Amino acid sequence: MTVQDAAHDAHVVDARGRLAAAYEASAAPTEKAKAKLDSQNKLYVRDRIALLFDEGSFVEDGRYANATAPGLPADGVVTGRGTVDGRPAIVVANDPTVKAGSWGARTVEKIVRATEAALREELPVFWFVDSAGARITDQVELFPGRRGAGRIFHNQVALSGRVPQICCLFGPSAAGGAYIPSFTDVIIMVEGNASMYLGSPRMAEMVVGEKVTLEEMGGARMHCTVSGVGDLLASDDTEAIELAKLYFSYVPSTWKDEPPSYVGEEPSEPLTRTTVPEIESQPFDVHEVIDGLVDDDSFFEIKPLFAGELVVGFGRMDGRTIGIVANNSMVKGGVLFTDSADKAARFIWTCDAYSIPLLYLTDVPGFMIGSEVERGGIIRHGAKMVSAVSEATVPQFCIVLRKAYGAGLYAMAGPGFGPDATLALPTARIAVMGAEAAVNAVYANKIAAIEDPAEREAFVARMREEYLQDVDIERLAADLVIDGIIEADELRAELLKRLQYAARRDRAFSTRRRAIPPV
């Protein structure tokens, strides 16, 4: 034995060899696994993380989890910290090449520790989900205990509204694991690969006798267009990560911080006095108004494929983040339904949590009526939206573009809800209902009794004119119902001033343990 050999401990040499092998096992997918990823147009988990974090900033925790078990590198999940455009964040990323990204006991422990670190250090969390769910073989170790999978959800709820939680869903999120995305702030789903479901199609057929495809059951497009569980639809992994980073650019790192600010830009197409049609029955795309208010190319719409009668999303005005809730008359006349009420409530809660001022662009006939929506609980869904508006303590501005009728005025932060200001364009009308509906409601019997068609038409026209005079916009301003009448081409400048002044507003609402929301 040489002096050189004597200087080495055989156990250390052996340990180094095993550690190196374990490290390499999780560094890249096997050839077979890579071929499968390629066939699915998926990126390897570490390539996804490299796209998220600034180069060289990622530090990993628990890489050797379950290293002594064959075929379970890092136990199927990568966790750690890095910076996203210079801002620290945590990532929890399933590795679908390890038993389809399924959870074992060490997987759960790693995720629990990551969420504990997020709570302790108040760090945003990016969830990269691609998992077939729990391993039944590990169920006793991972499912029921105090540090079991339930602790993940508990910690996610504790993180909600405290730090951003952003989910990219690259593949399946099955059974109980489907709740991880549901507790995040935004869910970005990759079309063709992402899915969420509590029971698989096979299980649905066995238990309830329903034959359904995976896409129909819980596919990305279904969730982004029908259920509303998904927020954004991406074409591939790269686009999903880009959308996640773009979303992150609008929100603060914690609830205590201000959202990032950028160099302000002029709108892509300034508003003019003809942008909003004067005839209230003429539909138009409210995106034109939004683009005329926000900095060039800064509007980031949330749930664009769901409940299109209401548009919500982030924008920037003079480089600072604002939230927009806007009725869109191009879709279902801008009438509020149960889905649009839910969509609005969640977005308002998000803005209020992260100190993002809200602009309500109002052109609403009210809430939908009829037996179908009543059976669907439109009253409680509408109340949920009104509750969100009421409780929000960020600066809020109600801008009446055209009609603001019935409870639609309330849902869009009308005067009774204490907005920082209620502003109106000259095209605006505020009333319990539109003139035609009001005249028919009040004078239905009298109208029916008039036999001569010309006389009947003249009477209806006269009553409509009287009604419109009663709700005249100048009268509403004179009675201080609204705070100002602004032409569209002056609206952005007016709002920029008001947003600056409102930044110091009191954030208190009500002293109590908690609200009981109408859900």
Side-chain angles (χ1 to χ4, degrees), residues 19-20 22-29 37 42-65 67 73-98 101 106-107 109-130 152 155-156 159 162-170 180 184-186 188 190 232 234 236-263 300 314 321 354:
L19 289 169
Y23 187 94
E24 287 302 316
S26 67
L37 289 175
K42 287 185 176 183
L43 298 174
Y44 183 52
V45 61
R46 297 189 181 278
D47 295 329
R48 291 169 176 168
I49 291 171
L51 286 176
L52 172 67
F53 287 131
D54 302 336
E55 186 174 356
S57 69
F58 179 57
V59 291
E60 186 173 350
D61 297 317
R63 182 159 185 161
Y64 297 100
D75 210 34
V77 67
V78 179
T79 61
R81 297 166 179 76
T83 59
V84 179
D85 295 329
R87 300 164 63 192
I90 284 175
V91 72
V92 176
N94 300 124
D95 182 352
T97 69
V98 179
R106 307 301 189 284
T107 318
E109 178 64 23
K110 287 176 69 173
I111 299 173
V112 168
R113 291 186 185 188
T115 57
E116 288 174 341
L119 285 166
R120 185 172 59 248
E121 301 167 34
E122 289 201 326
L123 288 177
V125 184
F126 286 83
W127 296 89
F128 283 6
V129 179
D130 195 343
I152 299 170
N155 289 351
Q156 280 191 278
L159 287 165
R162 188 170 172 184
V163 298
Q165 296 185 79
I166 299 169
C167 176
C168 289
L169 193 50
F170 300 112
I180 277 188
T184 64
D185 302 343
V186 63
I188 302 160
V190 177
L232 297 165
D236 56 23
D237 291 9
T238 300
E239 185 185 14
I241 295 167
E242 288 174 352
L243 287 170
K245 294 172 73 172
L246 183 57
Y247 180 95
F248 190 48
S249 74
Y250 286 91
V251 296
S253 293
T254 81
W255 68 286
K256 299 174 185 174
D257 303 326
E258 293 294 321
S261 60
Y262 300 84
V263 176
F300 184 70
F314 301 119
T321 303
Y354 297 131

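Just so it is clear, the structure is predicted and the values come from calculations on it, not from any experiment.
Looking only at distances, no side-chain donor or acceptor of T115 sits under 3.5 Å from a matching main-chain atom of Q156. Checked by atom type and distance alone, the side chain of R162 pairs as donor or acceptor with a backbone atom of L119 at under 3.5 Å. Checking side-chain atoms of D54 against main-chain N and O of G86 turns up a donor-acceptor pair under 3.5 Å.
Contact annotation: the side chain of R48 approaches that of D130 to within less than 4.5 Å [non-hydrogen atoms, C-beta and beyond]. A heavy-atom distance below 4.5 Å is found between the side chains of L52 and V84. In this structure, the side chains of V98 and P73 come closer than 4.5 Å at one or more pairs of heavy atoms. Contact annotation: the side chain of L43 approaches that of L51 to within less than 4.5 Å [non-hydrogen atoms, C-beta and beyond]. Contact of the P96 side chain with the L37 side chain is registered, since non-hydrogen atoms from C-beta on lie closer than 4.5 Å. Side chains of C167 and V129 form a contact here, defined as non-hydrogen atoms less than 4.5 Å apart.
Nearest heavy atom pair, residue T79 against residue F58, reads O-CZ, 4.0 Å. Residue D237 comes nearest to V190 through the heavy atom pair OD1-CG2, 4.0 Å, listed as atom of the first residue, atom of the second, then distance. For the pair F53 and I90, the tightest heavy-atom approach, listed with the atom from each and the gap, is CZ-C, 4.4 Å. The two residues A65 and K110 come nearest to each other via the heavy atoms CB-CD, 3.6 Å. For the residue pair A67 and A22, the shortest heavy atom distance occurs at CB-CB, 4.1 Å. Closest approach of P88 and L123 over heavy atoms only: CB-CD2, 3.8 Å.
For the atom pair CD1 of I152 and CZ of R113, the computed distance is 13.0 Å after rounding to the nearest 0.5 Å. The distance from atom CG of N94 to atom CD1 of I111, rounded to the nearest 0.5 Å, is 6.0 Å. Taken from CD1 in I188 to CH2 in W127, the straight-line distance is 15.0 Å, to the nearest 0.5 Å.
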Given the rule in the side chain to side chain contact (heavy atoms under 4.5 Å, CB included) test, do I49 and F126 qualify, once you have shown the distances and angles that lead to the verdict? CA-CA 10 Å; I49 291 171; F126 286 83; over 6 Å; no
Could you walk me through whether D185 and Y354 pass the side chain to side chain donor-acceptor pair (under 3.5 Å) check? CA-CA 11 Å; D185 302 343; Y354 297 131; 2.7 Å; yes
List the steps and the verdict of side chain to side chain contact (heavy atoms under 4.5 Å, CB included) for V251 and T321. CA-CA 8 Å; V251 296; T321 303; over 6 Å; no
Run S249 and Y262 through side chain to side chain contact (heavy atoms under 4.5 Å, CB included) and show every step you take. CA-CA 10 Å; S249 74; Y262 300 84; 3.4 Å; yes
For the pair F128 and I241, evaluate side chain to side chain contact (heavy atoms under 4.5 Å, CB included) and give the outcome as yes or no after the intermediate values. CA-CA 9 Å; F128 283 6; I241 295 167; 4.0 Å; yes
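Relative orientation of the F300 and F314 rings is parallel, given thresholds of 30° and 60° on the angle between their planes.
For the ring-ring contact (aromatic ring centres under 6.0 Å, His included) test, no residue two or more places apart in sequence or in another chain qualifies with Y44.
Residue-environment remark: CZ (R46) exceeds the threshold of 12 foreign heavy atoms within 6.0 Å.
For residues 74-98, the set of pairs meeting the salt bridge (Lys or Arg N to Asp or Glu O under 4.0 Å) definition, not counting sequence neighbours, comprises D61-R81, D75-R135, R81-E121. Counting only residues at least two apart or in different chains, salt bridge (Lys or Arg N to Asp or Glu O under 4.0 Å) contacts with residues 238-260 comprise E122-K256.
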